[in-house]
K.L.:
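Pasting in a structure now, in structure tokens, and then I'll have a few things to ask.
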Amino acid sequence: MYELKIRDAVAEVTGLDDVKIGFPPPSMRGDLSTNAAMVSSTDPGRLCAALEKLEEVESAETAGPGFVNITLSPGAYAEELKLIAADPGKYGAGDRRGSILVEMVSSNPTGPLHIGHGRGGAIGDSLARMCAKLGYRVLREYYVNDTGRQMNLLGESIRCALEGRTPPADGYRGEYIKSVADELRGSSVDSGYSSRAGELILGWHLDVLKSFRITYDSVFRESRLAEEALVKKTVESLRAGNLTYEKEGALWFRSSRFGDTQDRVLRKSSGDLTYFASDCAYHLDKSRRAERFINVWGADHHGYTPRIKAFWEASGLGEKELDILLYQLVDLKREGEKVSMSTRQGEFVTLQEVLDEVGADAARFFMLMRSSDAPLEFDLELARRQNSSNPVYYVQYSHARICSVFAKASRSPGELDLKECDPGPEEYPLIKALGHFPYLLEKCVDLKAPHFMTEYLRDVATAFHKYYDTVRVIGSGSRQETRLLLLSGVKGVISSGLELLGVSAPERM
RNA sequence: ACCCUCGUAGCUCAAUGGAUAGAGCAACGGCCUUCUAAGCCGUAGGUUGGGCGUUCGAAUCGCCCCGAGGGUGCCA
């Protein structure tokens, strides 16, 4: 954890609270670099002197326009490797406190999940895994809109399918409607088919997500809000707080006072409460279940975020962090051709179909390779290809190669002798790659950007493959134990990293 | 019309205001008698859409223009 230690030392000297540690360009001397002296107008010489007091630092020098470049001591490498090899699964784990609730996917149960839902799930779940690794208590929640117009339409569409009639013009069609209808044939229809159908489809969703390695701690149904009169209560409390007004027969929330572009209707002139009112009630209820919140939403909802944030502020919840993480939609391609994604016609490619075709490993890795801000091009052919053009195999292959070395050496990572740990310059670059893991993990969580992990794992895999190519492990005499320890460390970081992405680390390929 | 996101190598994309803008794929040329060649090494590829500004320093921040996608309901 030398990177974190050095970062904290730099923070102390410069007084900055967001110190960035980077790597100097390859042509320059030094293993780590910081611009903190420039940014904080600290005398770089003073920073160098302070850093050189650390046992992890061999030397520190000023370079360029005021960067401080740090050269690590041999002891830093040895200690880091011992730390990793002693308990690879625990390396990078943090002791952060508090609870985080991650809401993700939350699809209406009116049709199958598609690839876009998968992206939201992959981002949310991986972020949740990373938060948990840093020590937070994490809750994954699924919010289900199981009431309202769309659900009524679903019920109506099922009824039509059962009675052999054509569905309403704006109703749902497609093979899955027939499947649902078949399941419900002959069951009681006292309250229509919508609620039974919704539960059935919700079950499918949770099953697909499970095979996508996403499981939930809670499923919150919108219908519960009505049952417990929570929407009414929420609206009443806004009204009592003088945050609403009546206009043209409707009740409006003064969201524009809290940063929204306009006020929003809570109760229509028809007397019905809006979907927004339900969502407020849901967020109010949810706010009691954790200290911090992350909503993972498709970018098509971005216009909706100011009003929810406005409600959050208006309800006095501003001290609890609510992050709405938006992700751009997915362009599905097959051999370079865009795959049609029309929704109501039932022609879209479902998440299940993608999983059947490329497997959960490739699907998760691909969806996490890009920044959430960028649209994702998902090429089914590439994801399915079992060769070097597929990046997920590159990372997994490094893990399999290591397992193979241990098998060949008839040793196992758990039985190595830490006292034999004595890395030299050949090992340094690879240890340095491993040593970046704790810092990178914090970066992923703090920037809510799990895609950094995919890039990092490719870097580690590259460092490993280079090492493997030039350094012989088995039969290297007195060096062998150190090298096995290093491989054990690489194996640990790769499998931890893949685990955080929800991707398997195969022992053989 | 307004708002949001994006525009970086032939393609897909990285880069939390830093140093000579980096990877992968595709192309070309090398490396298996040795722990998995799903690997490694090398070559080539750029006016970061265009312009003006802010500053020690801009792909990143501001303004204008061009282009792509999304959003703007008393729908859910």
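Computed from heavy atoms alone, side chains included, the values below leave out hydrogens, waters and symmetry copies. In what follows, chains are A, B, ... by sequence order, proteins preceding strands, each numbered from 1.
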K.L.:
Using whole Å, report how far CG of A:N35 lies from P of B:G57.
P.N.:
16 Å
K.L.:
Going by purine N1 to pyrimidine N3 plus the second Watson-Crick contact, or the G-U wobble pair, all under 3.5 Å, which nucleotide sits opposite B:C32?
P.N.:
none
K.L.:
Tell which nucleotide pairs with B:G73, taking only Watson-Crick or G-U wobble pairs whose two distances are both under 3.5 angstrom.
P.N.:
none
K.L.:
With P as the reference atom in both, quote the distance from B:U20 to B:U48 in angstrom, rounded to an integer.
P.N.:
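Nearest-Å result for B:U20 against B:U48 at atom P: 15 Å.
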K.L.:
Can you tell me how far OH of A:Y393 sits from OG of A:S398, rounded to the nearest 0.5 angstrom?
P.N.:
14.5 Å
K.L.:
Counting only Watson-Crick or G-U wobble pairs whose two distances fall under 3.5 Å, which nucleotide matches B:A68?
P.N.:
B:U5
K.L.:
Between B:G46 and B:C13, how many Å separate the two C1' atoms, rounded to a whole number?
P.N.:
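Going atom to atom, C1' in each nucleotide, I get 15 Å.
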K.L.:
Which comes earlier along RNA chain B counting from the 5' end, the contact point of A:V19 or that of A:A250, where each point is its nearest nucleotide?
P.N.:
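By nearest-heavy-atom nucleotide position, the 5'-most residue is A:V19.
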K.L.:
Which part of the nucleic acid, if any, lies within reach of A:H301 when heavy atoms closer than 4.0 Å are counted: base, sugar-phosphate only, or nothing?
P.N.:
nothing
K.L.:
Applying a 3.5 Å limit to both distances, which nucleotide forms a Watson-Crick or G-U wobble pair with B:U43?
P.N.:
B:A27
K.L.:
Work out how far the C1' atom of B:U72 is from that of B:A59, and round it to whole angstrom.
P.N.:
30 Å
K.L.:
Between B:C74, B:G24, B:C35, which nucleotide has the shortest distance from any of its atoms to the side chain of A:Q262?
P.N.:
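Side chain of A:Q262 sits closest to B:C74.
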K.L.:
Counting only heavy atoms not in A:K232, do more than 12 sit closer than 6.0 Å to its NZ atom?
P.N.:
no
K.L.:
Under 3.5 Å, is there an N or O donor on one side and an acceptor on the other linking the side chain of A:S404 and the base of B:C35?
P.N.:
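Answer no: no donor N or O sits under 3.5 Å from an acceptor.
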K.L.:
Give none if B:G57 has no partner; otherwise give the nucleotide forming a Watson-Crick or G-U wobble pair with it, both distances under 3.5 Å.
P.N.:
none
K.L.:
Under 3.5 Å for both donor-acceptor distances, Watson-Crick or wobble: does B:C52 have a partner, and if so which one?
P.N.:
B:G62
K.L.:
Nearest-nucleotide wise, let me know which of A:R370 and A:L447 is further upstream toward the 5' end of RNA chain B.
P.N.:
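Its nearest nucleotide lies further toward 5', so the answer is A:R370.
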K.L.:
For atom P, what is the distance between B:G67 and B:G53, given to the nearest Å?
P.N.:
24 Å
K.L.:
Given the P atoms of B:G10 and B:U47, what is the spacing between them in whole Å?
P.N.:
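Between the two P atoms, the distance is 8 Å.
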K.L.:
With a cut-off of 6.0 Å (strictly less than), are more than 12 heavy atoms of other residues, nucleotides or ligands near CD of A:E246?
P.N.:
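More than 12 within 6.0 Å, yes.
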K.L.:
Please report the interatomic distance CG(A:L486) to CZ(A:R483), rounded to the nearest 0.5 Å.
P.N.:
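One gets 9.5 Å once the value is rounded to the nearest 0.5 Å.
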K.L.:
When you check the glycosidic angle of B:C32, does it come out syn, meaning within 90° of 0, or anti?
P.N.:
syn
K.L.:
Taking the cut-offs as 6.0 angstrom to the six-membered ring centre and 45 degrees off its axis, would you call A:R307 and A:F253 a cation-pi pair?
P.N.:
no
K.L.:
What distance, rounded to whole Å, do you find between the two P atoms, one in B:U12 and one in B:C74?
P.N.:
39 Å
K.L.:
Between the base of B:A19 and the side chain of A:N69, is there a donor-acceptor distance below 3.5 Å?
P.N.:
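In this structure, the two groups form a donor-acceptor pair.
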K.L.:
Would you state whether a donor and an acceptor, one from the side chain of A:E248 and one from the base of B:C74, lie under 3.5 Å apart?
P.N.:
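It does, because a donor-acceptor pair links the side chain of A:E248 to the base of B:C74 below 3.5 Å.
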K.L.:
My understanding is that a pair needs two contacts under 3.5 Å, Watson-Crick or G-U wobble. By that rule, which nucleotide pairs with B:U16?
P.N.:
none
